[in-house]
There are 2 protein chains.
Amino acid sequence: MDAPGERDLMGDTTRPEPEPRWLSDGEQRVWRSYLHATTLLEDHLDRQLQRDAGMPHVYYGLLVQLAQAPRRRMRMTELARSAKITRSRLSHAVARLEKNGWVRREECPSDKRGQFALLTDEGAEVLRRTAPGHVAAVRQAMFDRLSPEQVEQLGAIMRVMAEGLEPAGSHADLPWLR
Amino acid sequence: MDAPGERDLMGDTTRPEPEPRWLSDGEQRVWRSYLHATTLLEDHLDRQLQRDAGMPHVYYGLLVQLAQAPRRRMRMTELARSAKITRSRLSHAVARLEKNGWVRREECPSDKRGQFALLTDEGAEVLRRTAPGHVAAVRQAMFDRLSPEQVEQLGAIMRVMAEGLEPAGSHADLPWLR
DNA sequence: CCTACATAGTTCAACTTTCAAGGATGAGTC
DNA sequence: GACTCATCCTTGAAAGTTGAACTATGTAGG
């Protein structure tokens, strides 16, 4: 399982390259299953939504966030943060959604730098029409196939992983992750 | 939890729009954690590899597959299938990796339509140099944070989900998923 | 051989994402 | 006010992805 360390060989205090701890066979299998399942699911949902709603999964997620926000509106940065995407990406995305008439921008009165993105009625309608199909897809891929215990386990596992990634790494355009 | 069905209300045999079974609060929380964790991790690995290896995660995965293949080579379609990407995407990816000198194409003697993608020595070297960092990132994000039981649970869960998605959906350019 | 159809891979155009740079406003300090 | 620095968001170009169309080769049946 663990790779034998080489650090003791010469009492090296600088440790230029500690022998990496490779993944065990079991871990490799889990890792592959993880990659496998997550990419298949993301692809599946992307295609499902592209077909039924005319937008990729991420964009759909943005509409959902807006729909649940107080006055159907959110500041750009907050929306980016809760959707886990860069502000740059959000700018492009909102521009596209705006072209579709599903989102509008509105200036922020208290902060002239700020912008609100807000869900239009048309946007809400798209959501209303396509949500059932999307939920069905999610159910079919995940909740209908897992036992209640597994769902709970998955929740706990994903929370732990997310925790570890949230405050990590300094990103150029993800200042809230510093 | 379950939404009350409306199907019995009028003995409707056509069932034009059965009330969708929305996600329960618990399910919603799990679903969000899932999206949250998986996107953060994928982004994290993408940046880690882009920085250290000069390529996105998917491309790195292609090199790994090739490295493990019999003579460091694979038919394009097989490679696409095992990496869960379309052949189109693979064509572009291999073109890029070829420019980097990490992969070469070779004709298939038995089938003139076919192409092999094969890992060059340079490609193997890149892999050798960057694998430790990548494994460390994966460990840090996943295996170092989960208990052995959770790792096992995650494996089981991901296998179930992948199963459900594998043979599903007819894809235009994913003929093996029919 | 010929036709019809399937498979292997590529290519093009449209779209999405990333990265680095930039313009504008806010906040703190002197 | 002037300076400095942080924050808000956008932009443009390069890179990556998608879906459909396309070329070429294989395969099966008459």
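Proteins come first, then strands; the chains are lettered A, B, ... in the order of their sequence lines, and each starts at number 1. Owing to the predicted nature of the structure, the values given are computational and were not obtained by experimental measurement.
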Partner residues of [X] under the side chain to side chain contact (heavy atoms under 4.5 Å, CB included) criterion, sequence neighbours left out:
X: B/E149; value: B/S147, B/Q153
X: B/E152; value: none
X: B/V126; value: B/M55, B/W102, B/R129, B/T130

So, under a plain 3.5 Å distance rule, would you say the side chain of [X] forms a donor-acceptor pair with the base of [N]?
X: B/H92; N: C/dG9; answer: no
X: B/S88; N: D/dG19; answer: yes
X: A/T77; N: D/dC9; answer: no

Would you mind reading off the distance between [X] atom [atom1] and [N] atom [atom2], rounded to a whole angstrom?
X: A/Q50; N: D/dT17; atom1: CD; atom2: P; answer: 16 Å
X: A/L90; N: D/dC9; atom1: CG; atom2: P; answer: 9 Å
X: B/D43; N: D/dG16; atom1: CG; atom2: P; answer: 16 Å
X: B/R87; N: D/dC22; atom1: CZ; atom2: C1'; answer: 13 Å
X: B/E42; N: C/dT16; atom1: CD; atom2: P; answer: 19 Å
X: B/M55; N: D/dT17; atom1: CE; atom2: P; answer: 13 Å
X: A/R47; N: D/dT18; atom1: CZ; atom2: P; answer: 6 Å
X: B/L49; N: D/dG16; atom1: CG; atom2: P; answer: 13 Å

Is any side-chain heavy atom of B/L165 closer than 4.5 Å to one of A/Q140? no
For B/Y34, give me all partners under ring pair (Phe, Tyr, Trp, His ring centres under 6.0 Å), at least two apart in sequence or on another chain. B/W31
Under 4.0 angstrom between B/R75 side-chain N/O and C/dA8 OP1 or OP2: no
On the nucleotide C/dC19, are OP1 or OP2 found under 4.0 Å from the side-chain N or O atoms that A/R89 carries? no
Which residues pass the side chain to side chain donor-acceptor pair (under 3.5 Å) test with A/D111, not counting sequence neighbours? A/R113
Residues forming a side chain to side chain donor-acceptor pair (under 3.5 Å) with B/H134, sequence neighbours excluded: B/Q48
5'-most contact on DNA chain D (nearest-nucleotide basis), A/M76 vs A/D46, goes to A/M76
Restricting to salt bridge (Lys or Arg N to Asp or Glu O under 4.0 Å), what partner residues turn up for B/R159, sequence neighbours left out? none
Of the residues in residues 57-74 of chain B, which ones touch DNA chain C at a heavy-atom distance under 4.0 Å? none
Numerically ordered, the residues 111-120 of chain A set in heavy-atom contact under 4.0 Å with DNA chain C is A/D111, A/K112, A/R113
Using atom types as modelled, flag every donor-acceptor pair under 3.5 Å from a side chain in residues 56-72 of chain B to any protein atom, sequence neighbours excluded.
residue, atom, partner, partner atom, Å
B/H57, ND1, B/E42, OE1, 3.3
B/H57, ND1, B/E42, OE2, 3.4
B/Q65, OE1, B/S82, OG, 3.2
B/Q68, OE1, A/R32, NH2, 2.6
B/R72, NH1, B/D121, OD1, 2.9

Would you mind telling me which of B/T39, B/T38, B/D43 makes a side chain to side chain contact (heavy atoms under 4.5 Å, CB included) with A/K84? B/T39
If you measure from the Lys or Arg side-chain nitrogens to the Asp or Glu carboxylate oxygens, is any gap between A/E106 and A/R104 under 4.0 Å? yes
Go through residues 97-107 of chain B and report each residue with a non-hydrogen atom lying under 4.0 Å from DNA chain D, sorted by number. none
Salt bridge (charged side-chain N to carboxylate O under 4.0 Å, His left out) pairs touching residues 92-102 of chain A, sequence neighbours excluded, are A/E98-A/R105
Identify, between A/G54 and B/S91, the residue whose nearest nucleotide on DNA chain C lies closer to the 5' end. B/S91
